[in-house]
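Just so we're clear, the structure is a prediction, and the values are computed from it rather than from any experiment. Chain naming here is simple, since letters A, B, ... match the order of the sequence lines and numbering starts at 1 in each.
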Amino acid sequence: MEAIRRIKGTQDILPQEVGKWVAVETKIRQTMNTFHFEELRTPIFEKTELFARGIGQLTDIVSKEMYTFPDRSKKLITLKPEMTAPIMRAYIENKLYALSSVTKLFYIAPLFRQENPQAGRLRQFHQFGAETLGAASPDADVEMIALSLAIYKALGISGLTLKINSVGDPACRPAYRDTLKNYIRPHLNEYCSDCQRRFDENPMRILDCKNETCSRLNEEAPKISEHLCDDCQTHYDQVKAQLQKLDIPFTEDPYLVRGLDYYTRTVFEITSDALGAQNAICGGGRYDLLAEELGGQPTPAVGFASGIERMLMVAEKQGLILAEENRLDVYLVAMGTDATREIGFWLHQLRAAGIRTERDYLGRSMKAQMREANKLKTRYVLILGEDELNNNIFSLKDMEQGEQSQIPFNELIPTVKNLLTK
RNA sequence: GUGGGUGUAGCUCAGUUGGUUAGAGCGUCUGGUUGUGGCCCAGAAGGUCGUGGGUUCAAAUCCCAUCACUCACCCCA
């Protein structure tokens, strides 16, 4: 019989790594809380239409990467490939705008995209992120950047690069797009085939093409930052001024263009050189047009998303210890059938007292039980044999010191508890 | 979708120009005298050599196909 394997691009998070995940999730929640963001959990799947409308039909995510299938009633549903659209949907559907004029939400969630896996890219992956809905202020943009950086700092991750740009808004982007196309058009046949395709679909993407020829041609290309309307320019200037005030280093990247249709004005990305080709651990920006797109009232919004697997890769590379090893407090060693009959009772008492305790279930020799206790890095071993049974005592061995003492049955729990608090 | 790389024990890997019962280290298990872990010593278990064909007296080794994993492109976290 052939063993069934997991689906390509998915991962089992094994017991020895779960501690890391829990520690990271805890740190994220703590920092989010400090910044006064509240957690929102949405379903794992949504109507396909939500993403088609929210993210944009022409994006790669929607056109070729979504896990979409009909349910039993033939309605198309999609495993969520990103969180911004579901958050916005929940905000509108639950009328969260009625609770307060600014809504600050965060999430930690598994997401799904049917791409070919590679380093730092999975089909089921995890992101945490935050969204501020209802605030148009550039300070809200800066808060997002500060928040994501605070989380990395709390985890001890360093060596990150923050890149920012502005992609304009409906007042200035269409004109810029034409200017850009006019510049490119005479050279279009010199660009790579991907760029020639992008020319009609999404010309701004041509700017961040990694192809050498293309990037050389792009050097002379008009930059959006030089073609912003007054409002966008002011917004962008204020973001930069505030970042400087907060002493957050950044580099302006005129070629930074986020892939999703809904972005307006500020976009940013945080990268690490500890990663492979997929070097972004965080991406975000402003999306003032999404709420209307999803049938809500116009609502200015800004957010970011960060890949947890990629973040863990960076942490790993930097040798960070995110979670302490969970050691066993007590291992109960029993010798002989009489003692073996009794230790179930003591196991129960110790655990009821909150002491992390294990025993042997295989009827193994004392030596084997001691080896097991050692392997589990147990702090104390309690030995119950014939002698102990006859005298109503346990022999207690300190596995670090190697010293052994005796404890009467009726003093066992308080004595062990006392030892463990030291 | 496209391209490169890799598939031998639970893990990391050896395996010569094709040539006996396919090896090592680590890990696991059991011992090293009556009831004691870590170091050391001894032993054991564990392999359809990814899978299916082909060439050959003989294939882990050569050829073809296929699958899986992996890295990269596109794109993104």
Colleague: Can A:E226 and A:K223 be counted as an ion pair, charged N to O under 4.0 angstrom?
Modeller: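 A salt bridge is absent here (no side-chain N lies under 4.0 Å from a carboxylate O).
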Colleague: Would you write out the dot-bracket form of RNA chain B, 5' to 3', with Watson-Crick and G-U pairs under 3.5 Å, [ ] for crossing pairs, | for pairs to other strands and . for unpaired bases?
Modeller: (((((((..((((.....[...)))).(((((.......))))).....(((((..]....))))))))))))....
Colleague: Expressed as a whole number of angstroms, how long is the span from A:I61:CD1 to B:C75:P?
Modeller: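 Spelled out: CD1 on A:I61 to P on B:C75 is 12 Å.
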Colleague: Would you mind reading off the distance between A:F106 atom CZ and B:A77 atom P, rounded to a whole angstrom?
Modeller: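 In whole Å, B:A77 P lies 20 Å from A:F106 CZ.
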Colleague: Check whether any side-chain nitrogen or oxygen of A:Q401 sits under 4.0 Å from OP1 or OP2 of B:G38, and answer yes or no.
Modeller: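 So the side-chain polar atoms of A:Q401 never come under 4.0 Å of the phosphate oxygens OP1 or OP2 of B:G38.
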Colleague: In whole Å, I'd like the distance from the CD atom of A:Q114 to the P atom of B:A77.
Modeller: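 Atom-to-atom, A:Q114 to B:A77, this comes out as 18 Å.
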Colleague: If the sugar-phosphate is the primed atoms plus P, OP1 and OP2 and the base is the rest, what is the B/S/- string for nucleotides 25-31 of chain B, using protein heavy atoms under 4.0 Å?
Modeller: ---SSSB
Colleague: Is there a donor N/O on one and an acceptor N/O on the other, under 3.5 Å, for the side chain of A:E388 and the base of B:G35?
Modeller: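 Pair found.
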Colleague: Is the base of B:C69 touched by the side chain of A:R5 through a donor-acceptor pair closer than 3.5 angstrom?
Modeller: no
Colleague: For the pair made of CG in A:L275 and P in B:C76, what is the distance, rounded to whole Å?
Modeller: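 It works out to 17 Å between those atoms.
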Colleague: Does the base of B:G37 carry an N or O that pairs as donor and acceptor with the side chain of A:K397 under 3.5 Å?
Modeller: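 Side chain to base: pair found, below 3.5 Å.
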Colleague: Would you say B:A72 has OP1 or OP2 under 4.0 Å from some side-chain N or O of A:Q118?
Modeller: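 Looking at the OP1 and OP2 atoms of B:A72, one of them is under 4.0 Å from a side-chain N or O of A:Q118.
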Colleague: Using the test side-chain hydrogen bond (donor to acceptor under 3.5 Å, both in side chains), find all partners of A:T34 that sit at least two apart in sequence or belong to another chain.
Modeller: none
Colleague: Is it true that the NZ or CZ of A:K181 lies under 6.0 Å from the centre of A:F199's six-membered ring and within 45 degrees of the ring axis?
Modeller: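 Yes; both conditions hold, so A:K181 lies above the ring face of A:F199.
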Colleague: A:F394 and A:F409: aromatic ring centres closer than 6.0 Å?
Modeller: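 Yes, ring centres under 6.0 Å apart.
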Colleague: Under a 4.0 Å threshold between the charged nitrogen and the carboxylate oxygen, would A:K240 count as salt-bridged to A:E252?
Modeller: yes
Colleague: Answer yes or no: side-chain N or O of A:Q404 and base N or O of B:U36 forming a donor-acceptor pair under 3.5 Å.
Modeller: yes
Colleague: Provide, to the nearest angstrom, the distance between the CG atom belonging to A:N374 and the C1' atom belonging to B:G38.
Modeller: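 Those two atoms, CG and C1', are 4 Å apart.
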Colleague: With sugar-phosphate meaning primed atoms plus P, OP1 and OP2, does A:E82 contact a base, only sugar-phosphate, or nothing at under 4.0 Å between heavy atoms?
Modeller: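 Touches nothing.
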Colleague: Is there a donor on the side chain of A:Q278 or the base of B:C75 sitting less than 3.5 Å from an acceptor on the other?
Modeller: yes
